[in-house]
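The structure presented is a predicted model; accordingly, all values stated were derived computationally and were not measured.
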Amino acid sequence: MPSPNKPDAEVLERLAALEEMAKTTFETEDDVRVWLERPHPLLDGESPLEAAKTTTGAQHVKQIPLALKYGGAV
């Protein structure tokens with residue numbers, strides 16, 4: 001069983017994929033970092049990093065940069 005203080009491999013993989021997606025959406029590393037760490041109203045006030053720790057949360061998080069990049073709805 002994974003330690004409650006250490007994310008398991010699946011969570012780390014999701015977070016890495018999310019960071020790569022954000023890098024293709026935002027202009028600078030600072031923009032990526034701020035977006036990943038700042039609470040977001042579409043995520044019930046959680047940051048994208050916090051929300052992406054669950055599979056369902058990760059799906060919601062992925063919709064935001066895709067909508068920003070391609071002009072879709074979230």
Side-chain angles (χ1 to χ4, degrees):
M1 174 183 269
S3 165
N5 295 327
K6 292 176 103 177
D8 65 17
E10 184 179 324
V11 171
L12 291 175
E13 190 174 306
R14 270 198 305 266
L15 295 176
L18 177 60
E19 183 176 3
E20 287 304 310
M21 178 183 278
K23 286 179 181 178
T24 67
T25 303
F26 300 100
E27 292 185 16
T28 68
E29 289 288 326
D30 283 341
D31 291 341
V32 170
R33 183 187 50 76
V34 167
W35 181 77
L36 289 171
E37 295 176 357
R38 181 174 290 159
H40 197 286
L42 293 175
L43 301 171
D44 295 327
E46 288 188 311
S47 71
L49 286 177
E50 285 296 317
K53 289 181 179 177
T54 67
T55 304
T56 303
Q59 292 301 318
H60 291 293
V61 171
K62 287 179 186 177
Q63 292 173 356
I64 297 169
L66 288 174
L68 290 170
K69 188 172 181 176
Y70 299 109
V74 178

Could you go through Leu42 and His60, starting from their C-alpha distance and side-chain angles, then the distance that decides it, and tell me whether this counts as side chain to side chain contact (heavy atoms under 4.5 Å, CB included)?
CA-CA 8 Å; Leu42 293 175; His60 291 293; over 6 Å; no
Counting only heavy atoms not in Asp31, do more than 12 fall under 6.0 Å of its CG?
yes
If you group Ile, Leu, Val, Met, Phe, Trp and Tyr by side-chain heavy-atom gaps below 4.5 Å, do Leu68 and Val61 land in one group?
yes
Taken in chain and number order and not counting sequence neighbours, the residues that satisfy side-chain contact (heavy atoms from CB on, under 4.5 Å) with Lys69 are Thr24, Thr25
Quick one: CE on Met21 to CG on Leu36, what's the gap to the nearest 0.5 Å?
11.5 Å
Taken in chain and number order and not counting sequence neighbours, the residues that satisfy side-chain contact (heavy atoms from CB on, under 4.5 Å) with Glu10 are Asp8, Arg14, Thr55
So NZ of Lys23 and CZ of Arg33: to nearest 0.5 Å the spacing works out to 13.0 Å
Looking only at heavy atoms, what is the nearest atom pair of Ala52 and Leu18, with distance?
CB-CD2, 3.8 Å
How far does CG of Leu15 sit from CD of Glu50, to the nearest 0.5 angstrom?
9.0 Å
Take a 6.0 Å sphere around CD of Glu13 and say whether it holds more than 12 heavy atoms from other residues, nucleotides or ligands.
no
If you look at every heavy atom in Pro39 and Gly45, which pair is closest and at what distance?
CB-O, 3.0 Å
Side-chain touch Ile64/Trp35, heavy atoms, less than 4.5 angstrom
yes
